[in-house]
Amino acid sequence: MSNRQLIQVINPNTSLAMTETIGRAARAVAAANTDILAVCPVQGVPSIEGHFDEAIAAIGVLEQVKAGREQGARGHVIACFGDPGLLAARELASGPVVGIAEAAMHVATLVATRFSIVTTLPRTVVIARHLLQQYGFVHHCAAIHAIDLPVLALEDGSGVAQEKVRQRCIQAKCEDGSGAIVLGCGGMADLAQELTRELGLPVIDGVGAAVKMVESLLALGLGTSKHGDLDYPVAKRLSGQFERLN
Ligand code: 5HY
């Protein structure tokens, strides 16, 4: 009997390059008996930079969770800092579903009394703010900084976005009084280790944090509770473009 376990890591945008970045970050921390299935929706939005994009991405997340379950995934990670579709995905899933924003925020509170967030476009700052309220971390977050570049600038190969992330992290360390920094984009996942070393404080990537949280939940024998509001969706016939979610 193999003790191997499959964890599905979903990039909710359709960028294949970012999916590979996220998959590498997940595999870098996965336990020896964990296999990582890094996926993204076949159709949807190339990057998620606001409420409209989040709504579109959520459908792709649900389709991927359904497919992941059919492929034997024991747990799921939603690898976008808006955690799109998180509660709906938890209704669909039997195993744990963890978003990278909530995972990174939880981890930050375990290693520091206050943390800062560095994300992409200024317009997505409010999404991070809403999540802080939803998860109960408002008083732990000192500041949210935006590099003011689009999400896919992280995948353009120029290194400009990565340098702006580094500069914003240095600014956060110097000005915010934070003990830790949370990287506010799945596409920043590969920057955390080097920034932690260079800045001398925990710089947290939510992809790795979420993978380890799913592993921990599985090790504790815990899946998504089916008692109450996260029970499987009420059975009904979905139509049109949603038929594949039946
Ligand atoms: C993410 N968007 O992690 C978010 C980042 C953001 O396509 N992947 C995206 O800025 O909200």
Side-chain angles (χ1 to χ4, degrees), residues 8-26 38-64 76-86 89 97-108 115-135 137 141 143-156 160-162 164-169 172 181-192 195 203-211 213:
Q8 181 192 43
V9 178
I10 303 166
N11 171 20
N13 73 41
T14 57
S15 160
L16 295 177
M18 192 164 288
T19 305
E20 285 174 21
T21 299
I22 289 165
R24 280 195 302 273
V39 297
C40 66
V42 174
Q43 56 189 17
V45 61
S47 62
I48 300 159
E49 296 168 320
H51 308 292
F52 178 85
D53 295 348
E54 297 248 337
I56 292 174
I59 298 300
V61 166
L62 298 179
E63 289 171 346
Q64 290 304 319
H76 314 268
V77 168
I78 299 177
C80 166
F81 202 73
D83 295 349
L86 179 65
V97 184
V98 177
I100 66 171
E102 68 173 346
M105 292 173 184
H106 277 284
V107 166
F115 63 85
S116 299
I117 297 173
V118 174
T119 189
T120 55
L121 290 178
R123 68 178 293 166
T124 68
V125 165
V126 70
I127 293 174
R129 210 173 292 288
H130 285 171
L131 292 177
L132 288 166
Q133 291 161 1
Q134 187 176 330
Y135 300 143
F137 292 131
C141 182
I144 306 175
H145 302 269
I147 63 171
D148 204 4
L149 282 176
V151 167
L152 293 184
L154 288 159
E155 296 297 341
D156 70 9
V160 168
Q162 285 77 2
K164 291 208 66 171
V165 170
R166 178 179 167 275
Q167 292 300 331
R168 280 296 192 178
C169 287
I181 295 170
V182 165
L183 297 178
C185 179
M188 298 177 187
D190 56 346
L191 306 180
L195 287 170
V203 176
I204 295 158
D205 145 48
V207 174
V211 167
M213 281 191 174

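Counting starts at 1 for both ligands and their atoms, following the listed order.
Arg168 contributes a side-chain N or O that, together with a main-chain N or O of Ala146, makes up a donor-acceptor pair within less than 3.5 Å. In this structure a side-chain-to-backbone donor-acceptor pair under 3.5 Å is present from Asp83 to Glu102.
For ligand 1, the 4.0 Å heavy-atom shell contains residues Asn13, Ser47, Ile48, Cys80, Phe81, Thr119, Thr120, Thr124, Val151, Gly184, Cys185, Gly186.
Residues Thr14 and Gln43 have side chains that never bring a donor and an acceptor to within less than 3.5 angstrom of each other.
Every pair tested for salt bridge (Lys or Arg N to Asp or Glu O under 4.0 Å) that includes a residue from residues 43-61 fails, sequence neighbours excluded, so the list is empty.
For Thr120, the side-chain contact (heavy atoms from CB on, under 4.5 Å) partners two or more places apart in sequence, or in a different chain, are Thr124, Val151, Leu154, Cys185, Met188. With sequence neighbours left out, the side-chain contact (heavy atoms from CB on, under 4.5 Å) criterion links Cys40 to Asn11, Leu16, Thr19.
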